[in-house]
Amino acid sequence: MKKLVLILAVGLISFATQAQAKITFDEDTIDYGEIEKGSDGVRTFKFTNTGDQPLVIEDVKSTCGCTIPKKPSDPIAPGASDVIEVKYDTKRVGPIRRSISVYSNADEPIVTLKIKGTVKG
């Protein structure tokens, strides 16, 4: 009887640890292409919680102050989608090569997104 209870307990613990949020992005790189100085620098990364627990985006950080990311404030339910907005300062002429780190409670806790392109003067 004790063995049966132990097996059931281990099985439940294993099942509980497998239940987790999973973040799946439609694309992990946005190419601005060639854009004019001062043009709209806002782009969005769409993602879906493909896990079976609510997804919480804890933080979103950029490699430079010229790129401002904005994260969702509420948890994302399993199967639901949302976006991470990124605004690049298009007053800076030249190539765009930036990374954005997304920190969450997903099975992959840190995901790196990228933006690229060129701002023409």
Side-chain angles (χ1 to χ4, degrees):
M1 183 67 171
K2 287 182 181 180
K3 286 183 181 180
L4 179 62
V5 171
L6 180 62
I7 291 171
L8 286 173
V10 169
L12 286 173
I13 291 170
S14 297
F15 178 75
T17 58
Q18 291 177 2
Q20 196 163 9
K22 181 174 174 74
I23 190 167
T24 304
F25 284 90
D26 288 0
E27 55 186 324
D28 63 0
T29 301
I30 290 180
D31 188 349
Y32 280 70
E34 287 192 358
I35 58 174
E36 294 296 323
K37 180 179 178 181
S39 63
D40 182 19
V42 177
R43 302 293 187 273
T44 57
F45 288 95
K46 183 178 179 187
F47 66 90
T48 303
N49 178 2
T50 55
D52 53 8
Q53 294 294 312
L55 173 68
V56 178
I57 305 294
E58 296 161 1
D59 201 3
V60 181
K61 294 184 179 180
S62 170
T63 53
C64 131
C66 60
T67 307
I68 302 169
K70 183 179 176 187
K71 70 179 186 72
S73 57
D74 295 327
I76 295 86
S81 297
D82 209 329
V83 296
I84 292 175
E85 183 179 283
V86 176
K87 182 178 182 180
Y88 182 77
D89 180 5
T90 59
K91 293 177 187 165
R92 298 172 184 232
V93 176
I96 303 169
R97 299 280 182 275
R98 299 290 180 252
S99 296
I100 297 98
S101 298
V102 179
Y103 301 86
S104 71
N105 68 330
D107 61 341
E108 187 178 346
I110 303 170
V111 176
T112 301
L113 306 173
K114 295 179 178 147
I115 60 171
K116 63 181 184 176
T118 304
V119 178
K120 298 188 305 184

Backbone N/O of Gly41 and side chain of Tyr32: donor-acceptor pair under 3.5 Å: yes
Close side-chain approach of Val86 and Val42, heavy atoms under 4.5 Å: no
Which atom of Tyr88 lies closest to which atom of Arg98, heavy atoms considered: CE1-CG, 4.2 Å
Sidechain-backbone polar pair: Asn49 side chain, Ile23 backbone, donor-acceptor under 3.5 Å: no
Side-chain donor-acceptor contact under 3.5 Å, Thr63 with Ser99: no
Separation of Lys22 NZ from Gln53 CD (nearest 0.5 Å): 14.5 Å
Where Val60 and Pro69 come nearest, the two heavy atoms and their spacing: CG1-CB, 3.3 Å
Euclidean distance, Lys61 NZ relative to Ile100 CD1, rounded to 0.5 Å: 14.0 Å
For Ser101 against Thr112, the heavy-atom pair lying closest together: OG-OG1, 4.3 Å
Smallest separation among heavy atoms of Glu27 and Phe45, with atom names: O-CD2, 3.4 Å
Lys87 atom NZ: more than 12 heavy-atom contacts under 6.0 Å: no
Distance-only polar pair, side chains of Thr24 and Thr48, donor-acceptor under 3.5 Å: no
Hydrophobic cluster identity match, Val102 and Ile68, side-chain contacts under 4.5 Å: no
Nearest heavy atoms of Asp52 and Gln20, plus distance in Å: OD1-N, 2.8 Å
Nearest heavy atoms of Ala21 and Pro54, plus distance in Å: CB-O, 3.6 Å
Separation of Asp26 CG from Ser81 OG (nearest 0.5 Å): 7.0 Å
Short side-chain to backbone donor-acceptor contact, Asn105 and Pro109, under 3.5 Å: no
Lys71 NZ to Glu85 CD distance, which is reported to the nearest 0.5 Å: 13.5 Å
Under the salt bridge (charged side-chain N to carboxylate O under 4.0 Å, His left out) test, residues paired with Glu36 that sit two or more places apart: Lys120
Flag, side chain of Thr44 to backbone of Lys46, donor-acceptor distance under 3.5 Å: no
Reported CD1-to-CZ distance for the pair Ile84 and Phe47, which is rounded to 0.5 angstrom: 5.0 Å
With Ile96, the side chain to side chain contact (heavy atoms under 4.5 Å, CB included) member among Thr118, Asp31, Thr67, Ile115: Ile115
OG on Ser104 to CD1 on Ile57, rounded to 0.5 Å: 5.0 Å
